[in-house]
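For reference, the structure discussed in these notes is given below.
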There are 2 protein chains.
Amino acid sequence: MKDNNDMPGHLARRFQQIAVAVFLAEVGEAGFDLTPVQYAALATIKANPGLDQVTLAGLIAYDRTTITGVVDRLVQKGLTERRASSRDRRARELEITDEGRRVLRKITPAVESAQAIMLRGLSAKEGEDLMRLLRKAIAAGNELSRAPLREV
Amino acid sequence: MKDNNDMPGHLARRFQQIAVAVFLAEVGEAGFDLTPVQYAALATIKANPGLDQVTLAGLIAYDRTTITGVVDRLVQKGLTERRASSRDRRARELEITDEGRRVLRKITPAVESAQAIMLRGLSAKEGEDLMRLLRKAIAAGNELSRAPLREV
DNA sequence: TACTGATAGTCAGCATACTGAGCAATATCC
DNA sequence: GGATATTGCTCAGTATGCTGACTATCAGTA
């Protein structure tokens, strides 16, 4: 029987589990209440003002049914505005608020610290290698999930 | 602004997302309805007959509140038996059923195929490297999640 | 222009994961 | 032996992620 430690799927789950825990701990200690998912969405909204939800989902590889709830929570926290698009009445245009910008700025050190802690068992070179290999595996498997990455 | 692709947390989430999708696709095509989480639990129950839920959770690094539902579903599918322990009346002893054993045996090719597909963008050596680096990062971060791995 | 197909978003339902609380039973310590 | 702490499990609540279905709208075409 294959050991769990020989299963990339198991390792993937475990690494992600630790990554989320570290993120929440660092961000929480800094006094903020934002999940990794919400952070990525907020940062992407800031970088792409006025984008719609499907585009946002594609940029961070979230399912379109997931993005609805994430944006709900960002709006509820006052970090994002959602308004109907004038060009396409099906679409919602997303915009970061001043408060969202402020939170994003203040939270950055905690986020970067979290990224470092996730890799604390690795040397700098090993960390680079790990990220490179993950990127490569992810690129090859992009179309295999329901929510592939879609560059604009 | 750091790119998502420079964030180990983002890469972790994405790789795990693909891993789950691949697992479900392969196992589904083989005619089975079992999640990665349920598979790991079932395999661990088979390898450790009579273990209790907390021990099971520790062996695969699941939260104890998560394991309750996972075992519920394994029992409901007839793959696992849960009975009160005679030595400790708080504990539940878990046992795989004959049907569970049968499913586990039949499902193995699909599971192994899934593990290969997750790494299909990488050479054999790169796949080994990725797993080694993940194991190392995970070992260093084991205590950082609420559900660390606990060897018996 | 009417029809057809595709697209944006939402919703219900299910399965992880987690926080925090609580119950029952066991272990430990005085 | 009895108070106290710990442990095994469960539950309620919240947040991803997904499947599948549905509405509203848009785009292309006959």
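The structure displayed is predicted, hence computed values, not measured ones. Chain naming here is simple, since letters A, B, ... match the order of the sequence lines and numbering starts at 1 in each.
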> Expressed in angstrom and rounded to an integer, what is the separation of A/Arg14 atom CZ from C/dT16 atom P?
Replying inline: 17 Å

>> Applying a 4.0 Å non-hydrogen cut-off, can you work out what A/Thr66 is touching in the nucleic acid: base, sugar-phosphate, or nothing?
In response: base

> Which of these nucleotides, C/dA15, D/dT16, D/dC9, is closest to any side-chain atom of B/Thr35?
Replying inline: C/dA15

>> Heavy atoms only, 4.0 Å cut-off, all strands: where does A/Arg89 land among base, sugar-phosphate and nothing?
In response: sugar-phosphate

> Can you tell me if the side-chain N/O atoms of B/Gln38 get under 4.0 Å from OP1 or OP2 in C/dT16?
Replying inline: yes

> Any Lys/Arg nitrogen of A/Arg82 or A/Asp72 sitting under 4.0 Å from an Asp/Glu carboxylate oxygen of the other?
Replying inline: yes

>> Does a side-chain N or O of B/Thr65 approach OP1 or OP2 of C/dA17 to a distance below 4.0 Å, or not?
In response: no

> Around B/Glu81, counting heavy atoms of other residues, nucleotides and ligands shown, do more than 12 lie under 6.0 Å from its CD?
Replying inline: no

> What's the CG-P distance between B/Leu144 and C/dA17, to the nearest Å?
Replying inline: 17 Å

> Given atom CZ of B/Phe23 and atom C1' of D/dG17, what is their separation to the nearest angstrom?
Replying inline: 16 Å

> Which part of the nucleic acid, if any, lies within contact of A/Glu93, taking any heavy atom under 4.0 Å across all strands shown: a base, the sugar-phosphate backbone alone, or nothing?
Replying inline: nothing

>> Rounding to an integer number of Å, can you tell me how far B/Asp33 CG sits from C/dC14 C1'?
In response: 11 Å

> If you check every side-chain atom of A/Arg90, which of D/dC26, C/dG9, C/dA17 has the closest atom?
Replying inline: D/dC26

> Does A/Arg87 or A/Val37 map to a spot on DNA chain D nearer the 5' end, using the closest nucleotide for each?
Replying inline: A/Val37

>> Evaluate A/Lys125 against A/Glu128 for salt bridge (charged side-chain N to carboxylate O under 4.0 Å, His left out), listing each step before the verdict.
In response: CA-CA 5 Å; A/Lys125 179 181 179 315; A/Glu128 277 308 318; over 6 Å; no

>> Strictly below 4.0 Å: does A/Gln17 bring a side-chain N or O up to OP1 or OP2 of C/dT16?
In response: no

>> Is there a side-chain contact between A/Gln16 and the phosphate of C/dA17, meaning an N or O under 4.0 Å from OP1 or OP2?
In response: no

> How many Å lie between NZ on A/Lys77 and C1' on D/dT14, as a whole number?
Replying inline: 11 Å

> What is the distance, rounded to the nearest whole Å, between atom CG of A/Asp72 and atom P of D/dT16?
Replying inline: 10 Å

>> Let me spell it out: for each of A/Gln53 and A/Leu24, pick the nucleotide of DNA chain C with the closest heavy atom. Which residue's pick is nearer the 5' end?
In response: A/Gln53

>> Under 4.0 Å, heavy atoms only, any strand: does A/Arg64 hit a base, just the sugar-phosphate, or nothing?
In response: base

>> Looking at B/Arg150 and B/Glu143, is any side-chain nitrogen of the basic one under 4.0 Å from a carboxylate oxygen of the acidic one?
In response: yes

> Rounded to the Å, how far apart are B/Arg13 CZ and C/dA17 C1'?
Replying inline: 15 Å

> Just to confirm, is there a sub-4.0 Å distance from OP1 or OP2 of D/dT10 to any side-chain nitrogen or oxygen of B/Arg82?
Replying inline: yes

>> Quick check on DNA chain C: between B/Ser86 and A/Asp88, whose nearest nucleotide comes earlier from the 5' end?
In response: A/Asp88

> Using a distance-only test with no angle check, is there a side-chain donor-acceptor pair under 3.5 angstrom linking B/Arg13 and B/Gln16?
Replying inline: no

>> What is the separation between atom CZ on A/Arg92 and atom P on D/dC26, rounded to the nearest whole Å?
In response: 12 Å

>> Under 4.0 Å, counting only non-hydrogen atoms across every strand here, what does B/Asp52 touch: a base, just sugar-phosphate, or nothing?
In response: sugar-phosphate

> Can you find a side chain N or O atom of A/Arg73 that sits less than 4.0 Å from OP1 or OP2 on D/dT16?
Replying inline: yes

> Contact class for B/Ala147 (heavy atom, under 4.0 Å): base, sugar-phosphate, or nothing?
Replying inline: sugar-phosphate

>> Atom CZ of residue position A/Arg83 - does it have more than 12 heavy atoms of other residues, nucleotides or ligands inside 6.0 Å?
In response: yes

